[in-house]
Trainee: 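Attaching a single structure in structure tokens format; questions to follow.
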Amino acid sequence: PMLGKGSFGSVYLATSKNPSIHYSCFPLVMAVKSAEVSVSSLLQKEREVLSYLSGCPDIIQHIGDETTIDSDGRMFYNLLLEYGSGETLADRIKKSGYRGLPLREVRCFTKSILKGLSYIHEVGFGHRDLKPENILLVPKSRKTNTEFIAKICDFGLARRVQKSKKRKLERYFNGTPMYLSPEAVRDGVQGTPCDIWSLGCVVLEMLTGKPAWDEGMDEEGALNKIGKGTAVPKKPRNLCQSAKSFLNCCLKRMVKGRLSAKTLLHHPFVNGLNDDDDDYDYDDDNGVHEEEDIDDMDEDCSCLSAEH
């Protein structure tokens with residue numbers, strides 16, 4: 001059965017009906033991304049990136065690839081991936097009625113995403129299209145306070161991050177406009193700090209159920225607001241201080257003000273959680289405050305150092 005379809009091709013659920021010794025290394029169930037070979041460049045790029053990211057439990061794993069020919073003689077490139085049998089984070093937010101997820105889920109999912117991003121960045125890549133649709137929720141192997149672990153997927157737009165301080169400006173940006181950072185829109189610069197900005201947008205959306213930017217804003221309006229001026233997404237009034245502080249550390253218009261994924265793993269918003277989210281006592285204090293710009297709280301990040 002088909003699981004979905006995108007600009008890259010289609011995604012299918014593949015089940016091994018009669019596993020042979022030759023394919024014993026494959027799981028019984030896999031997700032298969034498929035596209036005609038002539039238009040499979042993004043899929044092949046994704047396979048190349050994923051080959052460097054094996055072994056991280058917070059990233060959907062690459063199992064293999066193959067080329068097949070259908071009954072009409074068309075040749076297809078197939079990327080075999082770990083199957084995320086839960087749903088996407090976007091689906092989860094939709095099921096909440098767009099009212100936002102429970103705080104414990106937001107914190108656990110955020111930690112998983114951060115661990116995945118930290119691994120991606122350490123290896124030398126930027127994801128460049130982090131959004132709820134590209135985060136899969138996979139059932140945990142044992143019962144904990146949350147049913148799923150969040151795993152980053154879809155690496156078709158991921159690229160090596162240049163280590164040189166002199167950055168080559170790209171004429172066009174890649175990614176989804178609502179989650180792009182100011183420097184990506186303004187200058188075409190998409191390094192690892194761009195992923196941190198996108199993470200901030202995703203976390204805010206998990207907390208509120210609404211996109212980080214104003215609802216009803218079209219793509220062009222969002223790009224103008226992100227790329228020009230000093231605007232940043234606003235926090236709702238009832239967020240706890242820890243969530244506000246975390247968002248403040250991600251959603252800085254100045255690249256140097258954003259913290260790295262590795263550093264953010266030490267932030268109080270996620271630092272108190274162990275890998276299984278067991279027996280953690282968290283004070284869910286959502287005091288009502290006036291709505292404020294995220295950039296108004298620079299002191300929240302003073303205990304952590306910005307590093308990329």
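Atoms considered below: every heavy atom in the structure, side chains included; atoms not considered: hydrogens, waters and symmetry mates. Residue numbers run from 1 in the order of the sequence given.
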Trainee: Considering non-hydrogen atoms only, spot the tightest contact between Gly100 and Ser96 and give its length.
Mentor: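 Minimum heavy-atom separation between Gly100 and Ser96: N-OG, 3.3 Å.
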Trainee: Between Glu82 (side chain) and Ile63 (backbone), is there a donor-acceptor pair under 3.5 Å?
Mentor: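 No: the side chain of Glu82 does not pair with the backbone of Ile63.
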Trainee: Under a 4.5 Å side-chain heavy-atom rule over Ile, Leu, Val, Met, Phe, Trp and Tyr, are Val29 and Leu137 clustered together?
Mentor: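 Val29 and Leu137: one cluster.
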Trainee: Rounded to the nearest 0.5 Å, how far does CG of Leu50 lie from CD1 of Ile59?
Mentor: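 So the CD1 of Ile59 and the CG of Leu50 are separated by 8.0 Å.
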Trainee: So which atom in Leu180 and which in Gly175 form the shortest heavy-atom distance, rounded to 0.1 Å?
Mentor: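 Of all heavy-atom pairs spanning Leu180 and Gly175, the closest is CD2-CA, 4.3 Å.
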Trainee: For Asp72, does its backbone N or O pair with a side-chain atom of Asp70 as donor and acceptor, under 3.5 Å?
Mentor: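 Yes, because the side chain of Asp70 sits within donor-acceptor range (under 3.5 Å) of the backbone of Asp72.
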Trainee: Return the minimal non-hydrogen interatomic distance between Ala243 and Leu207, and the atom names on each side.
Mentor: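 Smallest interatomic distance, heavy atoms only, reads CB-CD1, 4.1 Å.
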Trainee: Check step by step if side chain to side chain contact (heavy atoms under 4.5 Å, CB included) holds for His127 and Leu199.
Mentor: CA-CA 11 Å; His127 186 279; Leu199 172 66; over 6 Å; no
Trainee: Using atom types as modelled and distance alone, determine if a side-chain donor or acceptor of Arg128 lies under 3.5 Å from a backbone N or O of Ala158.
Mentor: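 Judged by distance alone, no pair lies under 3.5 Å.
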Trainee: Taking the basic N atoms (NZ, or NE/NH1/NH2) and the acidic carboxylate oxygens, is any pair closer than 4.0 Å for Glu183 and Arg258?
Mentor: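 A salt bridge is present here (some side-chain N lies under 4.0 Å from a carboxylate O).
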Trainee: Measuring from atom CG of Leu251 to atom OG of Ser198, what distance do you get when rounded to the nearest 0.5 angstrom?
Mentor: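 If I round to the nearest 0.5 Å, the distance is 9.5 Å.
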Trainee: Say whether, by atom type as modelled, one donor and one acceptor occur between the side chain of Glu46 and the main chain of Phe155 under 3.5 angstrom.
Mentor: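 Indeed, once roles are kept as given, a pair shorter than 3.5 Å links the two residues.
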Trainee: Less than 4.5 Å apart, any side-chain heavy atom of Pro211 and any of Tyr98?
Mentor: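 Sidechains of Tyr98 and Pro211: no contact.
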Trainee: Quick one, Ser85 and Pro139 - any side-chain contact, counting heavy atoms below 4.5 Å?
Mentor: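 Heavy-atom side-chain distance check passes, below 4.5 Å.
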Trainee: Is it true that Val11 and Leu42 fall in one hydrophobic cluster, defined by side-chain heavy atoms closer than 4.5 Å?
Mentor: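 Val11 does not cluster with Leu42.
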Trainee: Rounded to the nearest 0.5 Å, what's the gap from SG on Cys56 to CG on Leu117? Could you check?
Mentor: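 One finds 9.5 Å between SG of Cys56 and CG of Leu117.
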Trainee: Of the non-hydrogen atoms in His62 and Leu81, which two are nearest, and what is the gap between them?
Mentor: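 Between these two residues, the closest heavy atoms are CA-CD2, 4.0 Å.
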Trainee: Atom CG of Asn134 and atom CG of Asp129: how far apart are they, to the nearest 0.5 Å?
Mentor: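 Between Asn134 CG and Asp129 CG, I get 5.0 Å after rounding to 0.5 Å.
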Trainee: Is a side-chain donor or acceptor of Ser118 paired with a backbone partner of Lys115 at a separation under 3.5 angstrom?
Mentor: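 Side chain of Ser118 to backbone of Lys115: no pair is present.
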Trainee: Kindly indicate, with the supporting measurements, whether the criterion side chain to side chain donor-acceptor pair (under 3.5 Å) is fulfilled by Ser245 and Asn248.
Mentor: CA-CA 5 Å; Ser245 172; Asn248 184 49; 5.9 Å; no
Trainee: Rounded to the nearest 0.5 Å, what separation is found between the CE atom of Met2 and the CG atom of Leu13?
Mentor: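 Interatomic distance, Met2 CE to Leu13 CG, rounded to 0.5 Å: 12.0 Å.
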Trainee: Do Leu157 and Tyr77 share a hydrophobic cluster, counting only Ile, Leu, Val, Met, Phe, Trp and Tyr and linking them when any side-chain heavy atoms are less than 4.5 Å apart?
Mentor: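 No: no chain of side-chain contacts under 4.5 Å links Leu157 to Tyr77.
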Trainee: Counting C-beta onward and ignoring hydrogens, is there a side-chain heavy-atom pair between Trp197 and Leu130 closer than 4.5 Å?
Mentor: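 They are not in contact (no side-chain heavy atoms under 4.5 Å apart), so the answer is no.
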Trainee: With distance as the sole test, does Lys111 use its side chain to make a donor-acceptor pair with the main-chain N or O of Asn271 at under 3.5 Å?
Mentor: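 No; zero donor-acceptor contacts below 3.5 Å.
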Trainee: For the side chain of Arg253 and the backbone of Ile226, is there at least one donor-acceptor N/O pair under 3.5 Å apart?
Mentor: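 It does hold such a pair.
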Trainee: Identify the heavy atoms of Leu204 and Pro236 that sit nearest to each other, and give their distance.
Mentor: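 Closest approach of Leu204 to Pro236: CD1-CD, 4.0 Å.
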Trainee: Heavy atoms, side chains only, cut-off 4.5 Å: are His267 and Ser242 in contact?
Mentor: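 His267 vs Ser242: side chains touch.
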Trainee: Between atom CZ of Phe148 and atom SG of Cys108, what is the distance when rounded to the nearest 0.5 Å?
Mentor: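 Answer rounded to 0.5 Å: 13.0 Å.
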Trainee: Side-chain contact test, heavy atoms from C-beta onward, threshold under 4.5 Å: evaluate it for Ser34 versus Tyr12 and give yes or no.
Mentor: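 Yes, their side chains come closer than 4.5 Å.
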Trainee: Take Met178 and Cys201, measure what side chain to side chain contact (heavy atoms under 4.5 Å, CB included) needs, and give me the verdict at the end.
Mentor: CA-CA 8 Å; Met178 288 291 184; Cys201 293; over 6 Å; no
Trainee: Gln190 side chain to Gly188 main-chain N or O, any donor-acceptor pair under 3.5 Å?
Mentor: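 Pair absent, no side-chain N/O of Gln190 close to backbone of Gly188.
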Trainee: Determine whether Glu105 and Glu147 make a side-chain contact, defined as any pair of heavy atoms from C-beta on separated by less than 4.5 Å.
Mentor: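 When only atoms from C-beta onward are counted, Glu147 and Glu105 do not touch, as no gap falls below 4.5 Å.
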Trainee: Please name the pair of heavy atoms, one in Arg107 and one in Val270, separated by the smallest distance, quoted to 0.1 Å.
Mentor: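 Here Arg107 and Val270 meet closest at O-CG1, 3.8 Å.
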Trainee: Is the shortest side-chain heavy-atom distance between Phe76 and Thr67 below 4.5 Å?
Mentor: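 With C-beta onward as the side chain, the pair stays apart.
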Trainee: Can you confirm whether Ser181 sits close enough to Ile196 that some side-chain heavy atom of one is under 4.5 Å from a side-chain heavy atom of the other?
Mentor: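 They are not in contact (no side-chain heavy atoms under 4.5 Å apart), so the answer is no.
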Trainee: Please check: side-chain N/O of Thr110 versus main-chain N/O of Val106, any donor-acceptor pairing under 3.5 Å?
Mentor: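 Present.
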Trainee: Go through the steps to decide whether Val138 and Ile60 satisfy the test side chain to side chain contact (heavy atoms under 4.5 Å, CB included), and finish with yes or no.
Mentor: CA-CA 9 Å; Val138 179; Ile60 289 293; 4.2 Å; yes
Trainee: Does the side chain of Asp195 come under 3.5 Å of the side chain of Thr192 through a donor N or O and an acceptor N or O?
Mentor: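 Thr192 and Asp195 do not have a side-chain donor-acceptor pair below 3.5 Å.
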Trainee: Checking Tyr119 side chain against Ser54 main chain: does a donor-acceptor pair fall under 3.5 Å?
Mentor: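 Checked: pair present.
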Trainee: Given His121 and Ser260, is the side chain to side chain contact (heavy atoms under 4.5 Å, CB included) satisfied, shown in steps?
Mentor: CA-CA 9 Å; His121 295 169; Ser260 69; over 6 Å; no
Trainee: On the six-membered ring of Phe125, is Arg160 placed so that its NZ or CZ lies under 6.0 angstrom from the centre and within 45° of the ring axis?
Mentor: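 Yes, a cation-pi geometry holds between Arg160 and Phe125.
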